[in-house]
Participant: 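Pasting a structure below so you can have a look.
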Amino acid sequence: MNAPNELKSHQLSYHEIVAKYPTVSPFVILKTDVQRRGVTYTTQAIERANPALHLLQFRSIFHTIGEKQTPQIPVSLLLRDGTSILTGMRPDAPAPYLVDFVDGRLVLTDHGQILEEVEYWHKPQYVDKHTSAGTPMWQVATPRPQRLDINPYSYCHFWDDGGGCKYCNISSHFNKERKNNGKPLRIAPRDIYETVREAVKQPGRFANIMLTGGSILSGSQLFDDELQVYIETLQAIGENFTTRRFPSQLIASAFSLDQLARLYEETGLLTYTSDLEVLDDALFNWICPGKAGKLGYQAWKRRLIDAVQIFGTGRVNTGIVGGVETATPHGFASEDEALDATLTEAEDLAQHGVTVVQCVWSPTRGSAFAKQHPPSLEYYVRLSQGLDALRRHYNLNADMDSYRICGNHPDTDLSRI
Amino acid sequence: MAPEFKQDFFSALHGPDSVKLIATTDETGTPHLEEVPSLTFDANGYIVLLEENEYSHTNRNLVGSLWFNRKLSIYVRNGATHQFQAIAKPYKVFITGPVFEEHYRAIRAKRPNAKLSAVWLLEVVHITDENFKTRQAHEDLGRLALIHLDQIARSTAPTPS
């Protein structure tokens, strides 16, 4: 560690990686590279986006599309195999893929070469409606192809004293959106209840509800107030269903065993995620100083393992920002070293019933790492293969964060076969 | 060019009492056979397969076929004489969006407890007429017939002329 990052040169292209890894889905490799490099659209492609059919307006905790300061563009893409590509806004991406409209088809292209057909995400019916309080429902819940995302609390209090995770833009994004678009800090549980009620009227549209937001450190115990926000929100959502538990995922801070028990007993939550972000104690201290200072890597990990007692095997996982372990100047100096360390730690978690899923790190404006570069495509392919192999070896599955339920993890895409 | 027998194949697929089988393979080449009564076709000439189980053998094999260009086989028998086999490949799967939702509503209108995981579009590559006599005639064309001699042996000695 602590060496200049030499990882970024001499990288194999998409086609070279597909040829080198013939047992890895070329669709998933393409998705990974699009997320890594970003995407932009030709005028002809933008013209194919139909506001009546396609999702062109989107409010998440990390980025926004189609509000006052951002143009209405397709929120994201789907490939022919049902793989989602969550592209987000990367206006400063150095070498983005290009979506074009050619011979009657929307296609992903790179340097003029057509690589695959794509589809824009479709707009669900609820997004044009308002809650009884007058809140536009698209601002309450954000749709993915089969999932409803809700961010009850949009600011992360690790940022209060400069402890925000270095790859993350959550609080800078919130401050900007509060100013530009009046984004509220918290969404009222009643608005959430009504939005979910409306959304689930559309047959076949949603298969899961995901909640996440910023960490709230206050309360009698660390994270008690955050826990309360989620309990109130999940209880409100649960009023919409006939079953006690409903398909759902919470991505939150690492709660204590007592807090987890409350979460499970007092709500209909089905699965629980708390993100370790980077699977290395020392890098966690550097990259996630707030989490490290308030709880620490080992305690965060311990709480994840404890959560398996409450939610059960296959119902607890942790997310990592894949590739951030190579950030300069303190990250791993070689991709082999980074991969070995990450998969070794992922195996330890798998042995305790906790699965690891990766998101592709795309350095984001508003984060401390905004000017860094992600590792090679090959690194991501090997990382996805490794995480998928661990799940198979330890008889775990990726169902709670699958290609359908989530769509943001290349490693869980590989678990489809 | 449309494959030969395409109309006949689709007519057989449309038969209410037709037997419809799909054979797929996994990454090791191991075949898996499944009866799929709901197999049909759309206006663009794709075979439509409604997959009700996300984790089924067939669904996983179809994903693998799309990813790695593996072909699959569909057999349809409508009555005693109309039998066809289509070699096909997955073109696309809908797990969301208007096409998926249309099928979702339709299947649940027929069977309220039905689930739907995916709507597969399968592109026909080649069709063969599997009617035994037709197939045999085609297979034997230009070949030396295999005839065991007992089949052409006289049962009685020829009468001396």
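Just so it is clear, the values below take in all heavy atoms, side chains as well, and ignore hydrogens, waters and symmetry mates. By convention in this document, chain letters (A, B, ...) are assigned in the order of the sequence lines, proteins followed by strands, and residues within each chain are numbered from 1. Since we're looking at a predicted model, the values are computed, not measured.
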Participant: Report yes if some heavy atom in the side chain of A:Pro22 is under 4.5 Å from a heavy atom in the side chain of B:Phe68; otherwise report no.
Facilitator: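 The answer is no, as the side chains (C-beta and beyond) never meet within the 4.5 Å cut-off.
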Participant: Just wondering, more than 12 heavy atoms not from A:Asp103 lying within 6.0 Å of its CG?
Facilitator: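 Count not over threshold, so no.
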Participant: With a 4.5 Å cut-off on heavy-atom pairs, point out which of B:Glu54, B:Glu27, B:Arg108 contacts chain A the most.
Facilitator: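 Highest number of heavy-atom pairs under 4.5 Å: B:Glu54.
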Participant: Chain B: which of A:Arg404, A:Gln146, A:Glu117 shares the most heavy-atom pairs with it under 4.5 Å?
Facilitator: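 The option with the most such pairs is A:Arg404.
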Participant: How long is the straight-line distance from CD1 of A:Ile417 back to CG of B:Asn59, given to the nearest 0.5 Å?
Facilitator: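 These two atoms lie 11.5 Å from each other.
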Participant: Verify the neighbour count for atom NE2 of B:His138: are there more than 12 heavy atoms of other residues, nucleotides or ligands below 6.0 Å?
Facilitator: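 No, NE2 of B:His138 has 12 or fewer neighbouring heavy atoms, counting only those of other groups under 6.0 Å.
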Participant: Any chance CZ of B:Arg70 has more than 12 other-residue heavy atoms, nucleotides or ligands included, within less than 6.0 Å?
Facilitator: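 Atom CZ in B:Arg70 is packed in, count exceeds 12.
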Participant: In terms of heavy-atom proximity below 4.5 Å to chain B, should A:Ser402 be classed as side chain, backbone, both, or neither?
Facilitator: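 For A:Ser402, there is no contact with chain B at all, as no heavy atom is under 4.5 Å.
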Participant: Given a strict heavy-atom distance threshold of 4.5 Å, which part of A:Pro124 is in contact with chain B: side chain, backbone, both, or neither?
Facilitator: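 The answer is neither part of A:Pro124.
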Participant: Let me know if A:Asn397 has heavy atoms under 4.5 Å from chain B in its side chain, its backbone, both or neither.
Facilitator: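 Neither part.
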Participant: Which pair of non-hydrogen atoms, one from A:His122 and one from B:Gly97, has the smallest distance, and what is that distance?
Facilitator: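 So the two residues come closest at ND1-CA, 3.9 Å.
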Participant: Please check this pair: side chain of A:Arg80 against backbone of B:Tyr91, looking for a donor-acceptor N/O pair closer than 3.5 Å.
Facilitator: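 Side chain of A:Arg80 to backbone of B:Tyr91: a pair is present.
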Participant: Quick check on A:Arg391: does its CZ atom have over 12 non-hydrogen neighbours (other residues, nucleotides or ligands) under 6.0 Å away?
Facilitator: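 It does: A:Arg391 CZ has more than 12 such atoms within range.
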Participant: As an exercise, state the distance from CH2 of B:Trp67 to OG1 of A:Thr23, rounded to the nearest 0.5 Å.
Facilitator: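 B:Trp67 atom CH2 to A:Thr23 atom OG1 measures 10.5 Å (nearest 0.5 Å).
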Participant: Over all heavy atoms of both residues, which pair between A:Arg205 and B:Glu101 is shortest? Give the atoms and the distance, please.
Facilitator: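 Looking at all heavy atoms of both residues, the shortest contact is CD-OE2, 3.0 Å.
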Participant: Between B:Leu116, B:Leu62, B:Val63, which residue shows the highest count of heavy-atom pairs closer than 4.5 Å to chain A?
Facilitator: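 Winner by heavy-atom pair count: B:Val63.
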Participant: In this structure, are over 12 heavy atoms from other groups packed under 6.0 Å from B:Lys115 atom NZ?
Facilitator: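 Incorrect, the count does not exceed 12.
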Participant: Do A:Trp121 and B:Thr96 come close enough that some side-chain heavy atom pair is under 4.5 Å?
Facilitator: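 They are not in contact (no side-chain heavy atoms under 4.5 Å apart), so the answer is no.
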Participant: Determine whether more than 12 heavy atoms belonging to other residues, nucleotides or ligands lie under 6.0 Å from atom NE2 of B:His82.
Facilitator: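 Result for NE2/B:His82: open.
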Participant: Given heavy-atom pairs under 4.5 angstrom as the criterion, report whether the side chain, backbone, both or neither of A:Leu78 touches chain B.
Facilitator: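 Just its side chain gets close to chain B.
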Participant: Quick one: what part of A:Val28 sits under 4.5 Å from any heavy atom of chain B, side chain, backbone, both or neither?
Facilitator: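 For A:Val28, side-chain heavy atoms alone lie under 4.5 Å from chain B.
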Participant: Is it the case that more than 12 heavy atoms not belonging to B:Arg143 sit under 6.0 Å from its CZ atom?
Facilitator: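 Open.
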Participant: Could you check B:Lys92 against A:Glu119 for side chain to side chain contact (heavy atoms under 4.5 Å, CB included), going step by step and ending with a plain yes or no?
Facilitator: CA-CA 11 Å; B:Lys92 185 171 187 170; A:Glu119 249 192 292; 3.4 Å; yes
